[in-house]
Amino acid sequence: MYIPEGFGTVFPYIFASDAAAYLTFLERAFGAEVVGRTEAPDGTVANARVRIGTTAFMVSEAGGRFKPSRAAFYIYVEDADQTHREALACGADDIHAPRAMDYGDRQGGVTDPSGNIWWISTRVAREPYD
């Protein structure tokens, strides 16, 4: 099976209202890098390839038959508290502040400006994830 470099077998694809602003949110809140971007003739984001750490995904402008996506993402970061604060400062809504979880992560949650849920986690336990 051929998979292009930088892609995985499953490659998430988010449709967002005001995709350009959504890309800015991802860059500021989570340190995302836009590694490729094409625009439609009207200037909206036709397709953007985004990378956060080791994970890549696509973002496009929602519209017509492609309604805004709603999904949940689990993101591992160096400092869940700092990333949670940054996401809130960038326009996310709070689900809950980071706290110790029974499964060994320190985790908080936010809903981004497009309605997606982000579980922001830092692994604090040394044992394998159960």
Once you round to the nearest 0.5 Å, how far does [atom1] of [X] lie from [atom2] of [Y]?
X	Y	atom1	atom2	result
Asp93	Ile117	CG	CD1	11.5 Å
Glu27	Ile52	CD	CD1	10.0 Å
Thr111	Asn116	OG1	CG	8.5 Å
His84	Glu86	NE2	CD	12.0 Å
Tyr76	Arg123	OH	CZ	5.5 Å
Ile14	Leu26	CD1	CG	6.5 Å

Establish whether [X] and [Y] are linked, either directly or via other cluster members, by ILVMFWY side-chain heavy-atom contacts under 4.5 Å.
X	Y	value
Ile95	Tyr103	yes
Val59	Ile75	yes
Val34	Phe73	yes

Are the side chain of [X] and the backbone of [Y] linked by a donor-acceptor contact shorter than 3.5 Å?
X	Y	answer
Arg51	Glu33	no
Ser121	Gln107	no
Arg70	Ser114	yes
Asp112	Ala92	no

(Q) Here's a test for you: under side chain to side chain contact (heavy atoms under 4.5 Å, CB included), which of Thr83, Asp81, Asp79 qualifies with Ile120? (A)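 When Thr83, Asp81, Asp79 are each tested with Ile120, the side chain to side chain contact (heavy atoms under 4.5 Å, CB included) holds only for Thr83.
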Might you point out which heavy atoms bring [X] and [Y] nearest each other, and give the distance in Å?
X	Y	result
Cys90	Ala29	SG-N, 3.8 Å
Val45	Arg37	CG2-NH2, 3.5 Å
Ala56	Pro12	O-CD, 3.9 Å
Ala40	Ala46	N-CB, 3.7 Å

**Q.** Over 12 foreign heavy atoms within 6.0 Å of CG, Asp42
**A.**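 Yes, because the 6.0 Å sphere around CG of Asp42 holds more than 12 heavy atoms from other groups.
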Q) Are Phe30 and Trp118 close enough, and set up right, to give a side chain to side chain contact (heavy atoms under 4.5 Å, CB included), and what steps lead you there? A) CA-CA 10 Å; Phe30 301 124; Trp118 291 83; 3.6 Å; yes
Q: Might you work through the side chain to side chain contact (heavy atoms under 4.5 Å, CB included) test for Val50 and Tyr22, ending with a clear yes or no?
A: CA-CA 11 Å; Val50 180; Tyr22 188 66; over 6 Å; no
Q) Could you go step by step and tell me if Trp119 and His96 meet the side chain to side chain contact (heavy atoms under 4.5 Å, CB included) rule? A) CA-CA 9 Å; Trp119 299 115; His96 70 76; 3.7 Å; yes
Q) Does anything in residues 7-21 pair up under side-chain hydrogen bond (donor to acceptor under 3.5 Å, both in side chains), and if so which pairs, sequence neighbours excluded? A) Tyr13-Asn47, Tyr13-Ser60
Q. Where does the angle between the aromatic ring planes of Phe15 and Phe66 fall among parallel (under 30°), tilted (30 to 60°) and perpendicular (over 60°)?
A.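 Answer is parallel, since the angle falls under 30°.
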